[in-house]
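Chain identifiers are assigned alphabetically (A, B, ...) following the order of the sequence lines, protein sequences preceding nucleic acid strands; residue numbering begins at 1 within each chain. Just so you know, these numbers come straight off a predicted model, no measurement behind them.
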There are 2 protein chains.
Amino acid sequence: MTRANLRDVAERAGVSVRTVSNVVNAPEVVAAATRERVQRVIDEIGYRPNIAARQLRRGRGDVIGLVVPEIDSPYFAELAAHVVRAAEELGWTVLVEQTDGDPDRERDLLDGARGHGVDGVVFSPWALTPAEVSRRAGAPPVVVLGEQAGSGHVDRVAIDNRAAAREATAHLLAGGRRRIAAVGIQPHLSNQTAGQRLAGYREALAAAGLAADDALEVPVDRLHHADGVEAMAGLLALPEPPDAVFCFTDQLALGALRACAVRGVRVPDDVALVGFDDIEAGRYAVPALTTVAPDKERLAELALATLAERMADRSLPGRDLLVPHALVVRESAPT
Amino acid sequence: MTRANLRDVAERAGVSVRTVSNVVNAPEVVAAATRERVQRVIDEIGYRPNIAARQLRRGRGDVIGLVVPEIDSPYFAELAAHVVRAAEELGWTVLVEQTDGDPDRERDLLDGARGHGVDGVVFSPWALTPAEVSRRAGAPPVVVLGEQAGSGHVDRVAIDNRAAAREATAHLLAGGRRRIAAVGIQPHLSNQTAGQRLAGYREALAAAGLAADDALEVPVDRLHHADGVEAMAGLLALPEPPDAVFCFTDQLALGALRACAVRGVRVPDDVALVGFDDIEAGRYAVPALTTVAPDKERLAELALATLAERMADRSLPGRDLLVPHALVVRESAPT
DNA sequence: ACGTGGCATTGCAACGTTGCAAACTGGGTA
DNA sequence: TACCCAGTTTGCAACGTTGCAATGCCACGT
């Protein structure tokens with residue numbers, strides 16, 4: 001028993017295939033009586049439109065791709081939740097791909113090598129430069145999340161990372177901290193986000209008349225808890241340890257928190273901690289994380305709205321859109 | 001400039017459309033010289049197969065759906081990461097849908113109302129009973145994650161929740177705890193998972209000759225941090241508070257952990273805590289969570305393998321497959 | 001009686017691909 | 001020389017849907 005199609009419905013309802021199609025797609029043009037009769041048959045035999053055929057005919061499938069480094073990092077998971085919800089609002093479904101931060105995979109996915117016929121892509125780059133993304137932006141329209149402005153021909157939605165980092169650092173300074181470390185630098189990547197945050201951090205220090213200290217700018221391999229533990233351990237082992245740490249992600253901060261705890265270093269008394277992303281786990285950590293909260297919901301909505309506009313008009317110039325953020329002050333770095 | 005298709009390639013390469021198709025799908029049947037010439041043209045004009053057309057013709061699209069309550073819960077996020085990876089291994093892509101634990105949405109998604117032409121579904125039910133899932137399992141094959149055995153005609157992959165809960169509770173008993181609470185009961189849902197864990201918990205108590213105490217079996221609305229905080233607050237306010245708590249998810253346990261911390265209750269000294277799921281955040285909490293660790297990777301792999309088999313033969317009887325789990329002992333409930 | 005216009009319904013073709021079976025090629029064999 | 005076979009290549013049709021344009025129908029006004 002193969003799946004029912006328009007023809008099956010049409011035969012049983014005694015109408016043409018086209019009319020059934022109309023009942024499904026534009027009920028208002030069909031006479032009420034006909035519509036009801038056809039609808040009854042549809043329900044009866046459980047007809048469902050064949051998406052592939054529809055997509056082939058219409059030229060679009062209402063499916064978008066979400067390309068992220070890893071879906072299991074809380075930030076991306078939360079973002080994905082918002083993207084999926086916002087997509088549903090628009091009648092789209094979301095296909096998830098993971099790049100694992102591998103530049104080749106990012107390239108492949110953008111090139112559509114594995115592009116499963118999506119109509120558009122929301123791309124959170126890790127290793128690819130904006131220029132390369134711009135160049136590769138081929139078949140399906142792409143919206144880039146994060147990165148810095150002026151990427152060129154691609155649409156981009158992000159928070160002001162530099163300003164956010166400046167605020168976070170300024171908050172620590174306002175709390176009387178003077179020896180503030182930054183954790184999360186990724187020198188081996190051309191990813192701009194970490195660079196932006198580092199820049200903001202340095203600006204805030206400079207504005208307070210403090211000199212940057214190489215020993216306090218800590219590179220990490222990835223942005224997981226483990227990297228935060230390691231980085232913090234290194235900082236605490238310094239002859240002159242910091243009195244505050246600005247972590248570029250909440251995961252790093254949570255790792256740092258644990259590194260402090262196991263060494264008996266008190267947060268925030270001995271070291272204040274600020275994170276970035278405002279993931280759920282940070283709100284319930286002990287102490288709760290002070291963090292930069294990007295408006296993820298808006299980020300997702302704006303990304304999809306932008307994608308929709310570009311799908312409608314591919315000739316639009318590349319746009320750079322800013323999403324608001326807020327510094328959420330909690331226990332790990334109180335006022 | 002519309003996207004290149006087989007005909008474009010064929011014309012430029014001076015061969016038939018069918019030969020180009022062969023170069024793409026079965027290179028070995030094409031003579032080396034022809035193959036190379038065609039391949040060159042393909043690369044040149046950047047031809048990519050049209051997935052919709054292929055899917056229409058072949059009758060499958062190599063896309064599966066992952067239907068979960070919420071993709072941003074760490075457990076589901078981690079599971080999704082494994083599913084996406086395992087799917088890629090099989091040449092599939094994954095489409096994510098969220099039910100938000102809404103029974104109607106679960107029904108709709110299963111019925112394929114929004115089923116975007118997926119070839120199969122990995123379904124993590126929340127509110128739907130196995131029987132209902134079984135009944136609804138219509139168009140695309142479904143593999144159910146979790147739930148209890150004997151669901152009927154549907155394939156099911158899960159850990160032995162009851163045994164796992166028994167082990168977790170037994171571990172607390174072995175540590176000398178006698179007043180052990182269980183947090184995570186969901187009386188308003190027909191979901192079986194919580195019930196299984198509760199059963200295991202009770203069995204362990206009974207085996208130790210301890211009576212169950214209603215006050216220690218705490219229902220929750222959802223399974224988030226906030227619910228854990230609330231539940232733990234209630235338990236600590238009891239005239240006779242527990243000396244150990246078994247939480248049905250790590251998120252609940254992390255919430256409970258915080259509730260203890262803000263009240264100055266020491267973990268594990270005053271109260272021991274065991275979680276469930278082994279999410280990354282639990283490994284870096286302070287104290288690190290003792291928890292039941294399901295083999296998520298294997299769970300994902302087995303689910304997809306099962307799905308593949310069912311896609312190959314829809315007449316197979318429903319199978320119940322078990323995935324191993326392990327109790328990971330950490331600081332929140334040491335030996 | 002006839003034309004007009006609006007509404008409802010219809011047939012045809014095409015989207016890009018692949019299954020099937022037939023057709024062609026060249027060299028080897030009877 | 002006629003024939004056959006294996007290796008290549010090809011044409012045709014069909015997957016299920018929808019855009020387009022045309023048709024049929026009926027009530028209405030003149």
Problem set entry | CA sep, side-chain torsions, deciding dist, call: S73(A), E70(A), side-chain hydrogen bond (donor to acceptor under 3.5 Å, both in side chains) | CA-CA 6 Å; S73(A) 272; E70(A) 40 191 25; 2.7 Å; yes
For this session: Take V144(A) and D155(A) through the test side chain to side chain contact (heavy atoms under 4.5 Å, CB included) and record every step on the way to the result.
Result: CA-CA 6 Å; V144(A) 174; D155(A) 295 318; over 6 Å; no
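Contact check, T19(A) against dT10(C): a side-chain N or O comes under 4.0 Å of OP1 or OP2. Close to dT17(C), at under 4.0 Å from its OP1 or OP2, lies no side-chain N or O of S21(B). The side chain of N50(A) places no N or O atom within less than 4.0 Å of a non-bridging phosphate oxygen (OP1 or OP2) of dG16(D). OP1 or OP2 of dA8(C) has not a single side-chain nitrogen or oxygen of T34(A) nearer than 4.0 Å.
When heavy atoms are screened at a 4.0 angstrom cut-off, R58(B) is found touching the sugar-phosphate backbone but no base atom. Heavy atoms of N25(A) sit under 4.0 angstrom from primed sugar atoms or phosphate atoms, though from no base atom.
You'll find a donor-acceptor pair under 3.5 Å spanning the side chain of R57(A) and the base of dT18(D), going by distance alone. Looking at R18(B), its side chain comes within 3.5 Å of the base of dG19(C) through a donor and an acceptor atom.
At whole-Å resolution of the value, CG in N22(A) and C1' in dG19(D) are 11 Å apart. In this structure, the CZ atom of R60(A) is 9 Å from the P atom of dG19(D), given to the nearest Å. Note: CG (N5(B)) to P (dC15(C)) measures 8 Å, nearest angstrom. Distance CZ (R35(A)) to C1' (dT9(C)): 14 Å, rounded to an integer number of Å. One interatomic measurement links the two molecules: CZ of R7(A) to C1' of dT10(C), which rounds to 16 Å at whole-angstrom precision. Per the geometry, CD belonging to E11(A) stands 14 Å off C1' belonging to dG16(D), to the nearest Å. Rounded to whole angstrom, the span from the CD1 atom of I51(B) across to the P atom of dG16(C) amounts to 14 Å. Atoms CG (D8(B)) and P (dC15(C)) sit 11 Å apart, rounded to a whole Å.
The backbone N or O of D277(B) lies less than 3.5 Å from a partner atom in the side chain of K296(B), making a donor-acceptor pair.
The pair D8(B)-R3(B) does not meet the salt-bridge criterion, since no charged nitrogen lies less than 4.0 angstrom from a carboxylate oxygen.
Here the side chain of V17(B) is nearest to one of dT17(D), dT10(C), dT18(C), namely dT18(C). When distances run from any side-chain atom of L56(A) to the nucleotides dT9(C), dT10(D), dG16(C), the shortest one goes to dG16(C).
Nearest-nucleotide positions on DNA chain D place A32(B) closer to the 5' end than the other of A32(B) and L6(A).
Enclosure of atom CD in E44(B) by more than 12 non-hydrogen atoms of other residues, nucleotides or ligands within 6.0 angstrom is indicated.
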